[in-house]
Amino acid sequence: MTTIKLYNTRTRSKEVFTPIDPDNVRMYVCGPTVYDRAHLGNARPVLVFDVLNRLLRHVYGDDHVTYVRNFTDVDDKINATALARKEAGAEGTLEELVQQRSDETIDWYHQDMDALGALRPDQEPRATDFIPQMISMIEGLIAMDHAYEAEGHVLFAVESYAEYGKLSGRTVDDMIAGARVEVAPYKRNPMDFVLWKPSSDDLPGWDSPWGRGRPGWHIECSAMSFELLGESFDIHGGGNDLMFPHHENEIAQSRCAHPSGDFAKVWMHNEMLQVEGKKMSKSLGNFFTVRDLLDQGIPGEVIRFVMLSTHYRKPMDWTAEKTSDAKATLSKWRALTKDAVAGEVPEALLAAVADDLNTAGAIAELHRLASNQEAPALKAGAGMLGLLGQDLGGWVAIQESHDDKIIALMLARRDARQSKDFAEADRIRDILRSAGVKPMDTHAGNMAWEKTADFDPKKLEAL
């Protein structure tokens with residue numbers, strides 16, 4: 001069996017992954033808060049953990065892996081969006097408008113992540129479906145003196161959990177000194193965080209022992225992961241922006257609510273995304289959603305390729321040059337594997353992915369396979385990364401149509417060269433170059449080409 005090594009944030013080391021139960025490998029990843037379109041940075045953890053999901057299924061089998069990613073549909077941003085709609089004249093109660101917005105945004109999310117070739121998780125729980133379980137967990141924390149009620153709020157007492165801060169490597173004193181915490185007179189400690197808060201009559205809320213209200217953000221993931229994966233499971237993932245306070249708080253409340261369990265054994269965090277070397281932000285004008293890119297004609301497979309070209313624990317820089325290069329590479333690979341039947345996943349590529357998701361190393365192996373024109377291995381290896389599939393939208397049909405024309409011209413050029421009609425061969429070469437296709441002559445006489453940044457499919461269509 002393939003040995004998988006994963007970097008565990010909790011231990012600050014790369015470890016051999018040994019599942020709690022090889023017949024039931026369990027992974028939980030924090031999903032989106034559904035108030036708007038997913039931006040490009042939101043896509044990175046989706047793709048990182050999609051590759052891990054594929055790896056786990058390859059090693060342990062589809063029936064032995066459970067992947068859970070939640071939807072946070074209880075949030076002040078969702079409420080604000082729904083309230084703005086109501087004030088603009090939308091019909092329905094605020095709760096109905098919140099439900100509509102959540103449904104709409106989840107549908108958008110599915111469309112966009114599907115376009116990136118991400119497999120859907122086995123379960124995608126919504127926070128609003130687990131309110132009773134959250135209330136039950138909070139009641140248990142109060143009973144064990146890990147939480148307290150104050151002015152309609154219920155707060156977790158961080159001083160009651162001695163290991164608070166271990167994941168992020170911070171002490172409580174450091175966190176108080178350096179963090180922006182909500183100063184509230186009802187808190188015993190400035191770092192105590194909300195498990196339940198009151199809702200006004202115009203906001204969504206649920207009945208509870210502490211009055212009508214709604215859960216805090218952190219308790220949602222703890223309750224959902226416990227109900228779906230148990231008190232101990234294998235992997236918990238998300239972006240490194242969630243390490244503190246979200247994941248730190250999840251650990252504290254989950255370990256205290258279920259002291260006999262370990263909660264998550266391995267913690268994994270991906271680094272953030274930049275655009276042309278700068279942090280993505282609306283103020284810099286470099287903020288865009290996945291849908292923006294798709295609507296600009298950038299295929300989801302290209303977005304996926306660019307994302308996976310950088311190791312998940314390194315900052316990922318999205319650039320126009322990388323996008324262009326990815327288009328050219330994928331076009332060439334699709335042409336090479338068009339009629340190939342996928343073989344076994346190459347050992348070198350599988351070893352790269354199994355080594356803490358070294359997708360950059362795996363892509364380097366794909367380049368080597370393509371150079372050697374090992375089409376069956378290339379197709380199988382690409383599939384391990386979710387590339388070269390037939391379910392990635394119109395890009396496939398468009399690219400194959402373009403590539404068919406290129407192949408026909410390349411064949412005609414080869415025939416002309418073999419019959420020593422070099423004038424005709426040069427004429428075809430010039431036609432290809434005019435369309436932004438660069439023919440490359442190999443020592444073995446194989447056909448090879450690449451699409452340059454000037455590739456113009458319209459010129460091919462006119463031929």
Side-chain angles (χ1 to χ4, degrees), residues 6-7 9 12 14 29-52 69 72 77 108-109 112-113 115-118 167-170 178-180 237-247 267-330 352-353 355-364 366-367 385-387 453:
L6 300 173
Y7 183 86
T9 306
R12 305 293 192 275
K14 190 159 63 174
V29 174
C30 290
T33 300
V34 287
Y35 66 94
D36 208 345
R37 286 277 189 186
H39 61 70
L40 188 59
N42 298 144
R44 194 175 195 198
V46 172
L47 297 180
V48 166
F49 293 103
D50 179 64
V51 172
L52 179 54
R69 186 182 64 218
T72 295
K77 290 181 179 179
W108 288 345
Y109 188 81
D112 294 348
M113 298 308 120
L116 302 186
L167 179 71
S168 56
R170 311 181 191 190
R180 295 176 181 176
N240 67 357
D241 57 326
L242 299 180
M243 190 187 307
F244 180 84
H246 184 51
H247 289 167
W267 285 84
M268 297 178 67
H269 296 91
N270 63 274
E271 258 289 355
M272 296 294 99
L273 175 137
Q274 299 175 328
V275 177
E276 302 288 352
K278 297 179 180 179
K279 181 179 179 180
M280 187 170 70
S281 70
K282 292 180 179 178
S283 62
L284 293 175
N286 65 352
F287 179 95
F288 39 81
T289 67
V290 172
R291 179 52 49 181
D292 290 336
L293 294 178
L294 295 171
D295 288 346
Q296 290 169 20
I298 298 175
E301 186 178 39
V302 169
I303 298 172
R304 184 184 186 95
F305 184 97
V306 174
M307 289 274 195
L308 298 183
S309 297
T310 300
H311 191 271
Y312 78 94
R313 287 194 288 114
K314 294 182 179 179
M316 211 294 293
D317 192 17
W318 176 271
T319 68
E321 182 180 5
K322 288 180 182 179
T323 307
S324 177
D325 289 346
K327 281 184 179 180
T329 296
L330 288 167
V353 180
D355 184 12
D356 195 31
L357 304 186
N358 183 7
T359 53
I363 288 175
L366 292 179
H367 280 293
L385 298 181
L387 298 168

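Quick caveat: nothing in here was measured; it's all calculated off a predicted structure.
- Annotation: ring pair (Phe, Tyr, Trp, His ring centres under 6.0 Å) contacts of H246 (sequence neighbours excluded): W217, H218.
- For the ring pair (Phe, Tyr, Trp, His ring centres under 6.0 Å) test, no residue two or more places apart in sequence or in another chain qualifies with F49.
- The NE2 atom of H367 sits 4.5 Å away from atom OG1 of T329, with the distance rounded to the nearest 0.5 Å.
- Shown here are the side-chain contact (heavy atoms from CB on, under 4.5 Å) partners of D36, two or more places apart in sequence or in another chain: R101, W108.
- With sequence neighbours excluded, no residue forms a ring pair (Phe, Tyr, Trp, His ring centres under 6.0 Å) with Y35.
- The backbone N or O of A352 sits nowhere less than 3.5 Å from a side-chain atom of D355 that would complete a donor-acceptor pair.
- In this structure the side chain of L385 reaches within 4.5 angstrom of the side chain of T359, judged on heavy atoms.
- Considering CZ of R304 and CG of L116, their distance stands at 7.5 Å, rounded to 0.5 Å.
- Under the 4.5 Å side-chain criterion, counting only non-hydrogen atoms from C-beta, Y109 is not in contact with V34.
- Taken to the nearest 0.5 Å, the CG atom of L40 stands 11.0 Å off from the CG atom of D112.
- Identified under the side chain to side chain donor-acceptor pair (under 3.5 Å) test for residues 312-326, with sequence neighbours left out: Y312-D356, R313-D356.
- Nearest heavy atoms, A38 versus M113: CB-CE, 3.8 Å.
- Using a 4.5 Å heavy-atom cutoff, the side chains of V29 and M268 are not in contact.
- The backbone N or O of V290 lies less than 3.5 Å from no partner atom in the side chain of R37, so there is not a single donor-acceptor pair.
- Side-chain atoms of E301 do not come within 3.5 Å of backbone N or O of A326 as any donor-acceptor pair.
- Every residue two or more places apart in sequence or in another chain was checked for a side-chain hydrogen bond (donor to acceptor under 3.5 Å, both in side chains) with H311, and none qualifies.
- Looking only at distances, no side-chain donor or acceptor of D50 sits under 3.5 Å from a matching main-chain atom of L47.
- Between H269 and H247, the two ring planes are tilted [angle within 30° to 60°].
- For the atom pair N270 CG and N240 CG, the distance stands at 6.5 Å (nearest 0.5 Å).
- Interatomic distance, CE of M243 versus OG1 of T9, reported as 5.0 Å (0.5 Å rounding).
- At least one side-chain heavy atom of C30 sits under 4.5 Å from a side-chain heavy atom of L242.
- P299 and K327 make their closest contact through CD-CE, 3.9 Å (heavy atoms, listed as atom of the first residue, atom of the second, distance).
- Closest of all the heavy-atom pairs between M307 and A43 is CE-CB, 4.0 Å.
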- Worked check of side chain to side chain contact (heavy atoms under 4.5 Å, CB included) between V46 and R69: CA-CA 9 Å; V46 172; R69 186 182 64 218; 3.9 Å; yes

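- Between L294 and I303, some side-chain heavy-atom pair lies under the 4.5 Å cut-off.
- With rounding to the nearest 0.5 Å, the separation of CE in M316 from CZ in R44 is 6.0 Å.
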- Message: Let's go through L366 and F305 carefully: what are the C-alpha distance in whole Å and the side-chain angles of both, what is the deciding distance for side chain to side chain contact (heavy atoms under 4.5 Å, CB included) to 0.1 Å, and is it a yes or a no?
- Response: CA-CA 12 Å; L366 292 179; F305 184 97; 5.7 Å; no

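- The two residues T310 and P315 have their closest heavy-atom pair at CG2-O, 3.5 Å.
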